[in-house]
J.: 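Let me give you the structure first, and then I'll get to my questions.
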Amino acid sequence: MAAPVVDGSDLGLVVVYALALFLPGGIVGLAARLRGWCLAATAPLLTYALVGLLGPWTTALGVRWSAGVLVVGTLLVAVVLAGLDRLLARWRSAPTVTTTWPTPLAAWSPRAHLAVAAVVGVAALAGAQVVIGGMRGLRTIPQDWDAVFHASGIRWIAERGDAGLFGMSQINWFEPGTSIFYPNAYHILGATVLQLTGRDVPSVLNAHTALIPGLCALVLAALVRRFGGTPTHAAATALAAVAASALYDMLWRGPLLPYATGVALTPAFLLLVVHLLDSLSLRQATVRGLVAALGAAGLVCLHPAMLFGVVVLVVPCLIQRWATRPERLRREPLVLAGTTLAALALVSSQIAGSLHSAASFPAVDWPADLAWSESITEILSFGHAAPWPQMWLVAPAVVGLLTYNRLGALRWIGAPIVVFGALFVLAASSDAEWVNAVTRPWWNDRWRLAALFTLLACVLVGHGVDRIAALLARLSRWLFRDSAGRLAEGSGAVTAFIALVAFVALSHGLYLERNETKMSINTGQGPALSSLEVTGLSALGSLVPRGVRVLNDRNDGSVWMYALSGTLPVAGHYDGTGLGNTDVSTLETAFNLYDERPDVRAAVSRLGVGYVVVGEGFLRSYSDRAPGLTNLDDLPFLRLVYANPDFRVYRIVAPDGD
């Protein structure tokens, strides 16, 4: 495959995005006494909580969003948490439990921590290579359905400082009575990076996408660590996460960027829950409870569907926890209830917005198109939507299943794996109404469920690699039992290294080429935008006066005009849901009758439309040109002001001339 086009400024952009992702949440986590792997894994989640809450609150107060607002807000939250912790420390609260769980954590040496961190770094680099390599660089425009909405939302917040709950949807739903809510924490952070760097919007969008595989690797490694796993288990899980093709299906299809980010960070919330329940005093429980509430808010502000995934993940963990120590039931449900109430208070506006949108728009129903036997085979073979399975994930996963009893405190992980696998099979193979109802939190979309199943199943894959390494260590100690003691002591580290290297090699470099091929889908020349159409859209910034709206066809790539040039479109997204009986629909169906119909002229005037654009490429091959935008070349009220083979721009003039 061709090498991606990446320069120093691109690498700098990724670094800036990583700092923006980790630093705010890391500062708050440090103030709340989070440390180590827990701090590293939960820092991005806390960052999204900060931007997702501060953005709407400051907008409601009339304060424009900026990086400075994030800095001030982060410091205020950190000071409050640290101050509360110190205040409660003076009360000398008595312990409320006698032990933590799991007890004790597996002892990792400093070298083991560094080794796992190094492997997570390698996994993050491999995942970034897949994303950037598949897209051939950061400047590539991802050309599927959701990308333009996310890109335009980032530019809207960055330019206008409007981080309100209904702000960025005005790009497409701007007429009275058509506003919708969409969770905007992802977009607020992206807007902050855009403000800091001044880069083009597609590059900012893709810089974050390149970080998502690394987030998955880090969070899953931290999960294994927290539940008593070995360094080899944690390292192998991180590598498996960036090898799994289902992860990249969220990043090229759609792309489902806020959802994918939420999926990556859902296990991080579980870390905060366990950290809270392990509290030894009222002081710890109070501060940790607030941090856990922030974590829940971060997930909701990223994507409300994450709440359903959290339930599937957390409940089995709690059942195992309470089954092993029933006396915890006297205290921990109350602690969780208090934290839940705090979280609900923080995100009450987001929940209200979600209910508004759910009531305003019809449910999405993806048709089932697989036989149940085919769907089972695909999900169990890590081969969803691919011509062949990922056998070098399957093999260690089978070993992990055969040695499942050795998972210890992580045995609960099997329950959510089974649940998400079953939901995938149902969504893929049945259109029954009850199936649609059960899978509706995930839009009964098998692709989203496949990602959830696969990433959690990577814990089993890592466990299998760990068991293989342990077997090799025992064999080496037996073979070299007469060797020096130093060799015997180091055999475990050596065999772990061999097992990890073998896993990478046998999986063809963590399935790098396979996954790069997936990431190359919907990039390049089309389907919606060619390079000539991108050139034409970029030219709009100098052709169209600021504030003048441009009529366009929502079926072609012209919906990207705001993200690429800052020019306001009539159709800001491919989705026209909720726009019936509006001025927008009038223009889409009858604009070419402008000189004959007063209602069309009135709609043009009310919307402030001064220009019209037509692009050649359609997002979907079955799309047709909007009826009102056909046969424009000979109309007397239009003047062609820009043209290239794939893109034309017209200015609206009086029917009898300029």
Side-chain angles (χ1 to χ4, degrees), residues 131 134-135 140-156 168-169 171-173 178 180-184 186-187 190 201-202 205-206 208-209 212 246-263 302-305 357 360-367 369 385 427 440 442-451 518-530 533-534 537 552-564 569-579 584 588 615-626:
V131 172
M135 300 180 79
T140 300
I141 296 175
Q143 300 199 34
D144 205 359
W145 184 272
D146 298 76
V148 64
F149 183 73
H150 302 317
S152 297
I154 287 172
R155 183 163 192 151
W156 178 277
M168 67 181 194
S169 69
I171 300 161
N172 189 54
W173 290 275
T178 63
I180 68 164
F181 162 80
Y182 194 90
N184 62 357
Y186 168 87
H187 310 86
V201 176
L205 200 74
N206 296 332
H208 178 268
T209 304
I212 293 176
L247 166 61
Y248 303 100
D249 285 336
M250 295 188 293
L251 305 183
W252 70 261
R253 177 183 173 270
L256 309 174
L257 300 177
Y259 179 86
T261 306
V263 168
L302 272 169
H303 207 295
S357 294
S360 302
F361 294 90
V364 177
D365 181 18
W366 291 91
D369 54 3
R440 187 153 292 142
W442 300 275
W443 288 265
N444 70 310
D445 181 5
R446 59 185 171 92
W447 298 75
R448 300 175 196 243
L449 293 164
K518 286 216 167 194
M519 281 305 305
S520 68
I521 302 174
N522 290 333
T523 61
Q525 297 292 318
L529 283 175
S530 67
E533 288 172 297
V534 172
L537 287 174
N552 60 312
D553 189 339
R554 71 177 64 254
N555 295 314
D556 66 29
S558 63
V559 294
W560 275 90
M561 74 171 69
Y562 180 74
L564 298 182
V570 169
H573 188 28
Y574 301 111
D575 190 354
T577 304
L579 296 176
V584 171
E588 289 180 340
E616 289 299 312
F618 290 108
L619 177 69
R620 303 294 188 234
S621 59
Y622 51 77
S623 296
D624 295 316
R625 179 69 61 204

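Remember, it's a predicted structure, so these values are computed and weren't measured experimentally.
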J.: My understanding is that only residues two or more places apart in sequence, or in another chain, count here; which of them pass ring-ring contact (aromatic ring centres under 6.0 Å, His included) with W145?
T.: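 Checked W145 against ring-ring contact (aromatic ring centres under 6.0 Å, His included); matches are H573, Y574.
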J.: To the nearest 0.5 Å, what is the distance between CG (L302) and OH (Y259)?
T.: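 Interatomic distance, L302 CG to Y259 OH, rounded to 0.5 Å: 12.5 Å.
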J.: So, using ring-ring contact (aromatic ring centres under 6.0 Å, His included) as the criterion, who are the partners of Y562 when residues are at least two apart?
T.: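 With neighbours one apart ignored, the set is empty.
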J.: Under the rule for side-chain contact (heavy atoms from CB on, under 4.5 Å), what residues qualify as partners of S530, not counting sequence neighbours?
T.: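 Per chain and number, S530 pairs via side-chain contact (heavy atoms from CB on, under 4.5 Å) with Q525, L532, E533, D646.
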J.: Who pairs with R625 by salt bridge (Lys or Arg N to Asp or Glu O under 4.0 Å), at least two apart in sequence or on another chain?
T.: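 For R625, the residues satisfying salt bridge (Lys or Arg N to Asp or Glu O under 4.0 Å) (neighbours in sequence not counted) are D553, D556.
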J.: What residues, two or more places apart in sequence or in another chain, satisfy side-chain hydrogen bond (donor to acceptor under 3.5 Å, both in side chains) together with N172?
T.: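 Result, side-chain hydrogen bond (donor to acceptor under 3.5 Å, both in side chains) vs N172: R554.
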J.: Can you name the residues that form a ring-ring contact (aromatic ring centres under 6.0 Å, His included) with W156, not counting sequence neighbours?
T.: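 If we apply the ring-ring contact (aromatic ring centres under 6.0 Å, His included) test to W156, skipping adjacent residues, there are no hits.
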J.: If the condition is side-chain contact (heavy atoms from CB on, under 4.5 Å), which residues does A450 pass it with, not counting sequence neighbours?
T.: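 Only I379, H384, F424 meet the side-chain contact (heavy atoms from CB on, under 4.5 Å) criterion with A450.
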J.: Mind checking ring-ring contact (aromatic ring centres under 6.0 Å, His included) for F618 and listing every partner two or more places apart, or none if nothing turns up?
T.: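 Checked F618 against ring-ring contact (aromatic ring centres under 6.0 Å, His included); zero matches.
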J.: Mind checking what makes side-chain hydrogen bond (donor to acceptor under 3.5 Å, both in side chains) contact with H303, not counting sequence neighbours?
T.: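 H303 satisfies side-chain hydrogen bond (donor to acceptor under 3.5 Å, both in side chains) with no other residue.
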J.: Please enumerate all residues that pass side-chain hydrogen bond (donor to acceptor under 3.5 Å, both in side chains) together with N552, with sequence neighbours excluded.
T.: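 N552: side-chain hydrogen bond (donor to acceptor under 3.5 Å, both in side chains) contacts with S558.
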J.: I'd like to know if the side chain of N206 and the backbone of T140 have a donor-acceptor N/O pair within less than 3.5 Å.
T.: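 Checking the backbone N and O of T140 against the side chain of N206, a donor-acceptor pair under 3.5 Å is found.
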J.: Can any side-chain N or O of N522 pair as donor or acceptor with the backbone N or O of D144 at less than 3.5 Å?
T.: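 No, because the side chain of N522 does not come within donor-acceptor range (under 3.5 Å) of the backbone of D144.
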J.: If I compare all heavy atoms of S623 with all of N555, which pair ends up nearest, and what's the gap?
T.: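 What the structure gives for the nearest pair is CB-CB, 4.0 Å.
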J.: Please identify each residue that fulfils side-chain contact (heavy atoms from CB on, under 4.5 Å) with Q143, with sequence neighbours left out.
T.: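 For Q143 the side-chain contact (heavy atoms from CB on, under 4.5 Å) partners, ignoring immediate neighbours, are I141, P527, A528, L529.
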J.: Going by the rule salt bridge (Lys or Arg N to Asp or Glu O under 4.0 Å), which residues pair with D445 if we only count those two or more places apart in sequence or in a different chain?
T.: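 Partners of D445 under the salt bridge (Lys or Arg N to Asp or Glu O under 4.0 Å) test: R253, R448.
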